[in-house]
Amino acid sequence: AMSAPTYSACEVVFAVGSLSASSVSWIVYGHHGLIAATIVVVGLCLVGDLVEVLRWSGRSELPMDTSSLPQGPVLPVQWYIASLVIETAALLVQLICGWTILCGMLLVFLFGGCGVLLHLRYYSGRLQENARTMLPILAVLAIVLAMVLTAPAHGRGYRSFNAKNHLSALLWLIFAGFAGTAAAQAFFTIMHVVPKSSYNERTSLVNTTRGVP
């Protein structure tokens, strides 16, 4: 029997492609290449969130998902709007103000805090299976961390937070990640978001339904 896939092909392509392009950008252009890579990757995520917001304007009940991969819960439109705001703010503070640490903190708050909690706790599989859905998030985090930690410690991006070295910047990013986790948990509790039911149960239900005339 064919084993169930453990990774989504699209997620693998996104992760490998973004990391490869970012590595080339860093080798060729240095820190500025990583800034450009971060803008492109976050821009793609922003477009995806915008699509979700637009879909909600005319959304009806979604078809049942029979994929063998862990699936995420149904999220309220406020989640996507908040993600849009944070992603846009992160890009603006980097592009306009050059505040690299603040940009990194916003993105780690969203992807490293909110995103990790969402995938690990609210997806439909077991912990190990849910962790395999995090390839895109880990790729974005790796690019963001590289962008922040390769920035000159004497530049505007660090002076804005009075950070004197890369260790201080890393501590700010870790703090943002924990803050994102707490904020996401509060949001899910207030909005009554519940973990997605087990995909094995959904597949069984679909197979049973198909047998009913």
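Applying the side chain to side chain contact (heavy atoms under 4.5 Å, CB included) rule to Ser23 yields no partners; only residues at least two apart in sequence or on another chain are considered. Every residue meeting the ring-ring contact (aromatic ring centres under 6.0 Å, His included) condition with Tyr123, not counting sequence neighbours, appears here in chain and number order: His119. With sequence neighbours left out, Gln185 forms a side-chain hydrogen bond (donor to acceptor under 3.5 Å, both in side chains) with Arg121, Tyr122, Thr189. Residues satisfying the ring-ring contact (aromatic ring centres under 6.0 Å, His included) test with Phe161, not counting sequence neighbours, are Trp172. Partners of Arg159 under the side chain to side chain contact (heavy atoms under 4.5 Å, CB included) rule, at least two apart in sequence or in another chain, are Arg156. Not counting sequence neighbours, the partners of Ser168 by the side-chain hydrogen bond (donor to acceptor under 3.5 Å, both in side chains) test are Asn165.
Atoms NE2 and CD1, on His166 and Ile101 in that order, are 9.0 Å from each other to the nearest 0.5 Å. Rounded to the nearest 0.5 Å, atoms CG (Asp49) and CD1 (Ile81) are 10.5 Å apart. Separation of atoms SG (Cys114) and CD1 (Ile86) is listed at 6.0 Å; rounding is to 0.5 Å. The distance from atom CG of Leu106 to atom CG of Leu173, rounded to the nearest 0.5 Å, is 10.5 Å. Atoms CZ and CZ, on Phe175 and Phe109 in that order, are 9.5 Å from each other to the nearest 0.5 Å.
Smallest separation of non-hydrogen atoms from Asn130 and Pro70: OD1-CB, 3.3 Å. Nearest heavy atoms, Gly112 versus Thr181: O-OG1, 4.5 Å.
The shortest side-chain heavy-atom distance between Leu91 and Leu46 falls under the 4.5 Å cut-off. Counting only heavy atoms from C-beta outward, the side chains of Phe188 and Leu117 approach each other to under 4.5 Å. Two residues are said to be in side-chain contact when any heavy atoms from C-beta on lie closer than 4.5 Å; Cys45 and Phe111 meet this criterion. Cys103 has its side chain within reach of Leu107: a pair of non-hydrogen atoms, C-beta onward, lies under 4.5 Å apart. The shortest distance between side-chain heavy atoms of Val148 and Tyr158 falls below 4.5 Å.
Judged by distance alone, with hydrogens and angles left aside, the side-chain atoms of Thr133 form no donor-acceptor pair with the main-chain N or O of Glu129 at under 3.5 Å.
Connection of Leu127 to Ile137 is established within a shared hydrophobic cluster, with ILVMFWY side chains joined at heavy-atom distances below 4.5 Å, either directly or through further cluster members. If you chain together hydrophobic residues whose side chains sit under 4.5 Å apart, Val51 and Val40 never meet in one group. Under the 4.5 Å side-chain heavy-atom criterion for ILVMFWY residues, a single connected hydrophobic cluster contains both Leu95 and Met105. Val24 and Val140 fall into different hydrophobic clusters, where Ile, Leu, Val, Met, Phe, Trp and Tyr side chains are chained together by heavy-atom contacts under 4.5 Å. Note on Val42: it does not cluster hydrophobically with Leu92, by side-chain heavy-atom contacts below 4.5 Å among ILVMFWY residues.
Its side chain outside the 4.5 Å cluster rule for every partner, Val194 clusters with none of the Ile, Leu, Val, Met, Phe, Trp and Tyr residues.
Legend: side chain to side chain donor-acceptor pair (under 3.5 Å) pairs involving residues 82-98, not counting sequence neighbours, sorted by first then second residue: Gln94-Thr100. Every pair tested for side chain to side chain donor-acceptor pair (under 3.5 Å) that includes a residue from residues 102-111 fails, sequence neighbours excluded, so the list is empty.
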task = Start with the C-alpha distance between Tyr80 and Arg55, add both sets of side-chain angles, then the distance that settles side-chain contact (heavy atoms from CB on, under 4.5 Å), and finish with yes or no.
result = CA-CA 11 Å; Tyr80 299 106; Arg55 284 178 59 190; over 6 Å; no

Going by atom type alone, with no hydrogens or angles, which donor-acceptor pairs under 3.5 Å involve a side-chain atom of residues 72-79 and a protein atom two or more places apart or on another chain?
none

Which pairs of donor and acceptor atoms, one on a side chain in residues 14-21, lie under 3.5 Å apart (sequence neighbours left out)?
from, atom 1, to, atom 2, distance (Å)
Ser18, OG, Phe14, O, 2.7
Ser18, OG, Ala15, O, 3.1
Ser20, OG, Val16, O, 2.7

Sequence neighbours excluded and cut-off under 3.5 Å, please list the side-chain donor-acceptor pairs for residues 29-39, or say none.
from, atom 1, to, atom 2, distance (Å)
His31, ND1, Met147, O, 3.1
His31, ND1, Thr150, OG1, 3.1
Thr38, OG1, Leu34, O, 2.9

